[in-house]
Amino acid sequence: MKVMVTGATGFVGRHVINELLIRGHSVVAIARNIDHAQKMPWFNKVEFVQCDLHKSFEHLLIPSCLPDAIIHLAWAGLPNYHDFYHIGTNLPADLAFLTAATRVGVSHIIVAGTCLEYGMQYGPLDEGMMTNPTTTYGFAKDTLRKALQLLQKEKPFTLQWMRLFYMYGEGQNVNSLLAQLDQAIDEGQEAFDMSNGDQLRDYLPIQKVAENFALALDNPRIEGVINCCSGQPIAVIDLVQQRCLEKMSEIQLNRGYYPYPNYEPMAFWGVDSKLSDFKRIMY
C-alpha cells in the first residue's frame with residue numbers, strides 16, 4: 001500500500017514510518033525540514049517531499065500519484081496546549097488539506113487526536129464518551145474530528161481517529177517528563193524536580209503507538225475514534241521510580257516542586273476497547 005505520512009520527522013511520525021516499512025508499505029514522507037529528514041534512518045527508503053502544509057499542498061494531491069491512505073500527524077505549536085494558534089492556524093489548515101485529499105479520491109484517512117479532547121473528565125475514558133476539551137489544542141483537534149465526520153456524509157471515506165494518550169521513547173520532546181529525568185541522571189545531577197506524582201496517567205511506549213497506527217491502517221474496518229493507549233493507569237511517581245531503577249540511579253526525587261497541571265484531572269486513563277477487541281480476535 002502507498003501511504004503518505006505527514007509530520008514524518010516528529011516523535012510519532014519517525015516511528016510510524018519505520019513500522020510501515022517493516023510491514024512492506026511504500027511511504028511518501030512529508031515534513032517541512034529536509035535537514036531533519038536526512039537524519040532519519042529511513043530517509044533513503046521513502047519518497048520524501050519537503051512541504052509546509054500551511055502554505056501549499058496541491059502538489060501532493062495530483063490525481064495520477066495519489067496515495068492509498070494518508071496518516072496525518074503534522075501539528076505545529078506543541079507542547080503549548082493553550083495557544084490560540086491551534087484554533088486560528090492549525091485547524092483551518094489541516095481541515096483544508098484533508099478535505100482536498102478526500103475530494104481528489106483519497107479514501108482512507110488516519111489522524112492523530114489527543115486525550116485532551118476529553119477535557120477534565122475523571123477516571124477511565126472510553127471511545128464512546130462525549131468530549132469536553134478545555135484547552136485550545138484539545139478543542140482544535142476535537143473540532144477537526146467532528147468536521148471530518150460531517151464531511152464523510154458528503155463524500156464517504158474511512159476515518160480512523162487515533163486518540164493519543166501519553167507516549168515515551170526515542171525522539172520524545174526534550175521537555176517531557178522522562179526525557180528530563182534521563183538528562184538529569186545522565187548529567188549526574190543530585191536531584192530531580194517534579195510534581196508530587198500522585199496523578200494517574202496512561203503511558204504507552206512509542207513503538208507500541210507505531211504498531212497501533214500500522215494495525216489500524218491494515219484494518220480499515222476499525223473505524224472512528226480509537227483510543228491509542230495502554231489501558232492501564234500508573235501513578236507518575238511510579239513511572240519515575242521505574243525509570244530510575246532501569247537506569248540504576250539513586251537520584252533524589254524532589255516531589256512537590258511543580259504544581260499539578262490545571263488542564264488535567266488527577267486521574268484519567270484510556271479504555272482501548274477497539275484495538276483490544278480486534279487483537280483478541282486476531283490472536
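The minimum heavy-atom distance between Cys229 and Val271, with the atom names listed, is SG-N, 4.1 Å. Between Arg14 and Thr9 the shortest heavy-atom distance is NH2-O, 2.8 Å. The shortest non-hydrogen separation linking Asp198 to Met266 is C-CE, 4.0 Å. The heavy-atom pair separating Ala29 from Val46 by the smallest distance is CB-CG2, 3.9 Å. A pairwise comparison of heavy atoms in Pro133 and Gly138 identifies CB-C, 3.5 Å as the closest pair.
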Might you work through the salt bridge (Lys or Arg N to Asp or Glu O under 4.0 Å) test for Arg163 and Glu117, ending with a clear yes or no? CA-CA 8 Å; Arg163 191 168 279 161; Glu117 295 169 54; 2.7 Å; yes
Between Asp142 and Lys146, is the salt bridge (Lys or Arg N to Asp or Glu O under 4.0 Å) condition met? List the steps. CA-CA 6 Å; Asp142 191 47; Lys146 291 175 179 176; 3.1 Å; yes
Begin with the C-alpha distance, continue with both residues' side-chain angles, and end with the deciding distance and a verdict on side-chain contact (heavy atoms from CB on, under 4.5 Å) for Trp161 and Glu223. CA-CA 8 Å; Trp161 189 264; Glu223 291 194 77; over 6 Å; no
Steps toward side-chain contact (heavy atoms from CB on, under 4.5 Å) verdict (Val174, Gln180): CA-CA 6 Å; Val174 295; Gln180 290 187 74; over 6 Å; no
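Taking the side chain as every heavy atom from C-beta outward, Cys244 and Ile251 approach each other to under 4.5 Å. A 4.5 Å side-chain heavy-atom check between Val209 and Met162 finds every atom pair outside the cut-off. Taking the side chain as every heavy atom from C-beta outward, Leu204 and Leu164 never approach each other to under 4.5 Å. You'll find the side chain of Val5 stays beyond 4.5 Å of the side chain of Val28, heavy atoms only. Within the 4.5 Å cutoff, side-chain heavy atoms of Leu151 are placed close to those of Arg103. Counting heavy atoms from C-beta on, the side chains of Ser230 and Phe165 never come closer than 4.5 Å. A heavy-atom distance below 4.5 Å is found between the side chains of Met129 and Gln121. In this structure, Val240 and Leu253 have side chains that are in contact, with non-hydrogen atoms separated by less than 4.5 Å.
One distance of note links CG of Asp182 with OG of Ser249; it measures 9.5 Å at 0.5 Å rounding. Atom CD of Gln189 sits about 10.0 Å away from atom CG of Leu181, to the nearest 0.5 Å. In this structure, NZ on Lys155 lies 9.5 Å from OG on Ser107, to the nearest 0.5 angstrom. To the nearest 0.5 Å, the span separating CD1 on Ile234 from CD on Gln242 amounts to 4.0 Å. In this structure, Leu159 CG and Arg145 CZ are separated by 9.0 Å, a value rounded to the nearest 0.5 Å. Distance CD1/Ile185 to CZ/Arg243: 8.0 Å, rounded to 0.5 Å.
Taking hydrophobic clusters as Ile, Leu, Val, Met, Phe, Trp and Tyr residues chained together by side-chain heavy-atom distances below 4.5 Å, Leu53 does not share a cluster with Val3. Under a hydrophobic-cluster definition in which Ile, Leu, Val, Met, Phe, Trp and Tyr are linked whenever side-chain heavy atoms come within less than 4.5 Å, directly or via other members, Leu73 and Phe57 are assigned to different clusters. Under the 4.5 Å side-chain heavy-atom criterion for grouping Ile, Leu, Val, Met, Phe, Trp and Tyr, Val16 is not connected to Met4 through any hydrophobic cluster. If you chain together hydrophobic residues whose side chains sit under 4.5 Å apart, Phe11 and Ile110 fall into the same group. Under the 4.5 Å side-chain contact rule for hydrophobic residues, Val111 and Val104 share a cluster.
Using the six-membered ring where Trp is involved, His72 and Phe97 have ring planes that are tilted, between 30° and 60° apart.
Inspection of the Asp272 and Ser276 side chains reveals an N or O donor paired with an N or O acceptor under 3.5 Å. For His108 and Gln160, the side-chain atoms include at least one donor-acceptor pair closer than 3.5 Å.
Salt bridge absent: Arg255 and Asp193 never bring a charged side-chain N and a carboxylate O closer than 4.0 Å. We find that Arg23 and Glu211 are not joined by a salt bridge, their nearest charged nitrogen and carboxylate oxygen being 4.0 Å or further apart.
Checking side-chain atoms of Asp202 against main-chain N and O of Pro233 turns up no donor-acceptor pair under 3.5 Å. Between the side chain of Thr99 and the backbone N or O of Leu95, at least one donor-acceptor pair lies under 3.5 Å. Under the 3.5 Å distance criterion, the side-chain polar atoms of Asn254 are left unmatched by any main-chain donor or acceptor of Tyr257. For the pair Lys45 (side chain) and Leu21 (backbone), a donor-acceptor distance under 3.5 Å is absent. The backbone N or O of Gly77 sits nowhere less than 3.5 Å from a side-chain atom of Asp83 that would complete a donor-acceptor pair. Using modelled atom types, no side-chain atom of Glu19 and backbone atom of Ala210 make a donor-acceptor pair closer than 3.5 Å.
No more than 12 heavy atoms of other residues, nucleotides or ligands lie within 6.0 Å of CD in Glu190, so this atom counts as exposed by the packing criterion. Surrounding CZ of Phe157 are more than 12 heavy atoms belonging to other residues, nucleotides or ligands, all under 6.0 Å away. For Lys208, the NZ atom is loosely surrounded, since the number of other residues' heavy atoms within 6.0 Å does not exceed 12. Counting non-hydrogen atoms of other residues, nucleotides and ligands closer than 6.0 Å to NE2 of His82 gives a total above 12. Enclosure of atom CD in Glu187 by more than 12 non-hydrogen atoms of other residues, nucleotides or ligands within 6.0 angstrom is indicated.
Tyr81 has its ring centre no less than 6.0 Å from the ring centre of His86. In this structure, Phe268 has its ring center no closer than 6.0 Å to that of Tyr118.
With sequence neighbours excluded, the residues that form a side chain to side chain donor-acceptor pair (under 3.5 Å) with Gln199 are Ser195. Qualifying side chain to side chain donor-acceptor pair (under 3.5 Å) partners for Gln241, counting only residues two or more places apart in sequence or in other chains: none. Contacts of Gln152 classified as side chain to side chain donor-acceptor pair (under 3.5 Å), with partners at least two apart in sequence or in another chain: none. Scanning for side chain to side chain donor-acceptor pair (under 3.5 Å) contacts around His15 gives an empty result, with sequence neighbours left out.
Among residue pairs with one or both ends in residues 58-68, none qualify as side chain to side chain donor-acceptor pair (under 3.5 Å); sequence neighbours excluded. Residue pairs meeting the ring pair (Phe, Tyr, Trp, His ring centres under 6.0 Å) criterion with at least one partner in residues 188-242, sequence neighbours excluded, are Tyr166-Tyr203.
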